[in-house]
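Below is one structure, written out as structure tokens; the observations come after it.
Keep in mind it's a predicted model, so treat the numbers as computed, not measured. All heavy atoms count here, side chains included; hydrogens, waters and symmetry mates do not.
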Amino acid sequence: EAPFQLLVRLGIWSQDENLTLLRLNIRQELPNEVINEAQTLATSANWLWQSEPRTELNDLTVYTVDSIVTLDIDDAISISQLTDGFEVGIHITDVATLIAKNSFLDEEAKLRATSIYLPDLLIPMLPQIISENLCSLVAGNLRPALSLFINVDENGVIRHHRFEFTKLRTQRLTYKELDVILINNQHSLWNKLFKITQNWRNERWSQGALFLNFPEINISIAENGKVN
């Protein structure tokens with residue numbers, strides 16, 4: 001306790017210093033070469049992928065569904081009515097198109113493996129200009145994606161699927177907004193998709209899948225360090 005308080009008084013640590021990060025040697029700062037590469041990429045990202053042969057999904061409504069505070073949006077979903085079923089689209093932001101293999105960004109991402117979310121701190125796997133902008137499916141902005149299209153019948157039985165490199169614009173929904181749609185519009189495509197996913201979930205359950213239902217706990221810290 002005494003050495004800790006001494007380091008606090010010297011201004012080396014704060015009163016709320018996260019000692020676990022120090023013990024695990026988790027680096028918060030990004031190296032200069034990673035930051036510089038990200039800034040360079042930010043000025044050239046568009047031409048890196050917009051000239052590629054990609055399927056344009058201009059006529060498809062694609063939604064992201066996340067928490068209201070989420071900034072690094074990496075997946076989206078779509079559903080289209082067919083004459084005898086549905087086509088479900090799962091769209092993942094195509095990071096690999098923008099970040100070159102063995103680049104500084106790639107090596108740093110492999111080293112970090114994941115972003116770390118703490119109540120008072122975010123330690124991103126990639127610079128935020130990448131994770132929250134160039135490689136985030138920001139609503140209304142054209143973005144590259146890898147899309148999986150699944151053709152299913154009314155009960156969700158998969159008939160066939162295909163992968164495509166795409167470019168798309170998304171619309172944003174929060175979890176609460178989608179809950180309202182599911183409750184108030186029982187005949188929406190979202191409710192039909194919910195029924196399909198429930199059938200998939202039940203099939204997984206029957207095959208021995210393990211479901212762990214943990215409560216989601218969100219903690220926010222005020223500027224004075226107190227828990228809200």
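By the 4.5 Å heavy-atom criterion applied to side chains, V65 and Y175 are counted as neighbours. Residues R143 and V138 have side chains in contact (heavy-atom distance under 4.5 Å, counting atoms from C-beta outward). Contact annotation: the side chain of N36 approaches that of Q39 to within less than 4.5 Å [non-hydrogen atoms, C-beta and beyond]. With a 4.5 Å cut-off on side-chain heavy atoms, H161 and N151 do not count as touching. Counting heavy atoms from C-beta outward, P127 and V34 have side chains that approach closer than 4.5 Å. Side-chain contact check for Q186 versus K192: every heavy-atom pair is 4.5 Å or farther apart. N199 is not listed as a side-chain neighbour of R204, based on a closest heavy-atom distance of 4.5 Å or more. In this structure the side chain of F165 reaches within 4.5 angstrom of the side chain of L146, judged on heavy atoms.
Nearest heavy atoms, I196 versus E154: CG1-O, 4.3 Å. Among all heavy-atom pairs drawn from I181 and S188, the shortest one is CG2-OG, 4.1 Å.
The OG1 atom of T64 sits 4.5 Å away from atom CD1 of I73, with the distance rounded to the nearest 0.5 Å. To the nearest 0.5 angstrom, L122 atom CG is 7.0 Å from S131 atom OG. For the atom pair CD1 of I77 and OG of S147, the computed distance is 11.5 Å after rounding to the nearest 0.5 Å.
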If you look only at distance, which donor and acceptor atoms sit under 3.5 Å apart when one is on a side chain in residues 55-62 and the other is two or more places apart or in another chain?
unit_1: T55; atom_1: OG1; unit_2: E164; atom_2: OE1; d: 2.6
unit_1: E56; atom_1: OE1; unit_2: N58; atom_2: ND2; d: 2.9

Evaluate side chain to side chain donor-acceptor pair (under 3.5 Å) for R23 paired with N18, printing each intermediate quantity in order.
-> CA-CA 9 Å; R23 292 190 186 102; N18 192 317; over 6 Å; no

Do D84 and R159 pass the salt bridge (Lys or Arg N to Asp or Glu O under 4.0 Å) test, and can you show the C-alpha distance, the side-chain angles, and the key distance before you say yes or no?
-> CA-CA 11 Å; D84 58 347; R159 294 182 290 214; 3.5 Å; yes

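Side-chain atoms of S67 come within 3.5 Å of backbone atoms of V69 as a donor-acceptor pair (strictly under, hydrogens ignored).
There is a path of hydrophobic side-chain contacts, each under 4.5 Å, that joins L24 to L121.
Surrounding CZ of R27 are more than 12 heavy atoms belonging to other residues, nucleotides or ligands, all under 6.0 Å away. Within a 6.0 Å sphere centred on CG of L19, other residues, nucleotides and ligands contribute more than 12 heavy atoms.
For the residue pair T97 and D94, a side-chain donor N or O sits within less than 3.5 Å of a side-chain acceptor on the partner. At a cut-off of 3.5 Å, with distance as the only test, no side-chain donor of D106 or S103 sits close to an acceptor on the other residue.
When the ring pair (Phe, Tyr, Trp, His ring centres under 6.0 Å) test is applied to F149, the partners found at least two apart in sequence or on another chain are H91. Partners of E107 according to the side chain to side chain donor-acceptor pair (under 3.5 Å) rule, which considers only residues two or more places apart in sequence or in another chain, are K110.
Cation-pi geometry between R172 and Y63 is not satisfied (NZ or CZ under 6.0 Å from the ring centre, within 45° of the ring normal).
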